[in-house]
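Down below is the structure, laid out as structure tokens.
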Amino acid sequence: PARRDAMRQALLERIRQAPGVRSATFSQLGLFSASFSTRNIQVEGYTPQAGRDPETNVDAIGSDYFATLGMRLIQGRDIQDSDTLAAPKVCVVNESFANRYFARRNPIGLRVMVIDSAEQRTPLLVVGVARDARTRSPRGAVEPRIFVSSQQEVPGVASPIVPACA
């Protein structure tokens, strides 16, 4: 992971130095790729309907993802370079996620547990809420989504490879 992160960071710095590029970041799923990475979740303070395990899309992203794409944060902060393996695991949720799972509660500082196919549970601290934006497809409803730091290992979530520039 350390070598992969160093290579990705070096590539990102080269992209940022290209003429006309104001900002650059990464995303596992990319924009409008119709890709998705669904995981079961448990949300602090949320009681699911009987027999229904909550699930959501999870996207591993680079630092300043929302700022680079011009996506507004409603609360909290973006994923940052300081969100590394050594730091507490964090996530940003979109509005749809916050409305479905946190209802009228403030999600900042609450936890979401991501559960992979081997039932390994990874707790994430919510540090931001992003305004809903179509990232999977230009049409249809915006689905609930969690964005995690590409530098933090979240089992079952692949490392980002798709660059995004502005």
Is the closest side-chain heavy-atom distance between [X] and [Y] below 4.5 Å?
X: Val92; Y: Tyr65; result: no
X: Phe97; Y: Val112; result: yes
X: Phe102; Y: Val126; result: yes

Note to self: One pair to check against side chain to side chain contact (heavy atoms under 4.5 Å, CB included): Val148 and Thr122. What are the steps and the verdict?
What the structure shows: CA-CA 11 Å; Val148 299; Thr122 304; over 6 Å; no
Could you tell me whether a side-chain N or O of [X] sits under 3.5 Å from a main-chain N or O of [Y], the two making a donor and an acceptor?
X: Gln152; Y: Thr84; answer: yes
X: Asn57; Y: Glu143; answer: no
X: Ser63; Y: Ile79; answer: no

Euclidean distance, [Y] [atom2] relative to [X] [atom1], rounded to 0.5 Å:
X: Met113; Y: Leu124; atom1: CE; atom2: CG; value: 8.5 Å
X: Asp64; Y: Leu69; atom1: CG; atom2: CG; value: 10.5 Å
X: Asp59; Y: Cys91; atom1: CG; atom2: SG; value: 12.5 Å
X: Asp78; Y: Phe147; atom1: CG; atom2: CZ; value: 10.0 Å
X: Ile146; Y: Tyr101; atom1: CD1; atom2: OH; value: 8.5 Å

[X]: side-chain hydrogen bond (donor to acceptor under 3.5 Å, both in side chains) partners, not counting sequence neighbours:
X: Asn40; value: none
X: Glu55; value: none
X: Ser96; value: Asp132

Item checked: Heavy-atom pair with the smallest gap, counting every atom of Ser150 and Ala60 ->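 Smallest heavy-atom distance, with atoms named: CA-CB, 4.4 Å.
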Can you list the residues that meet the salt bridge (charged side-chain N to carboxylate O under 4.0 Å, His left out) rule with [X], with sequence neighbours excluded?
X: Arg14; answer: none
X: Arg77; answer: Asp83
X: Arg100; answer: none

Margin query: For Ile74, give me all partners under side chain to side chain contact (heavy atoms under 4.5 Å, CB included), at least two apart in sequence or on another chain.
Written below: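 Ile74: side chain to side chain contact (heavy atoms under 4.5 Å, CB included) contacts with Glu95, Val129, Arg131.
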Check: Can you list every pair that meets side chain to side chain donor-acceptor pair (under 3.5 Å) and has a residue in residues 102-111, with sequence neighbours left out?
Finding: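 Non-adjacent pairs meeting side chain to side chain donor-acceptor pair (under 3.5 Å): Gln75-Asn106.
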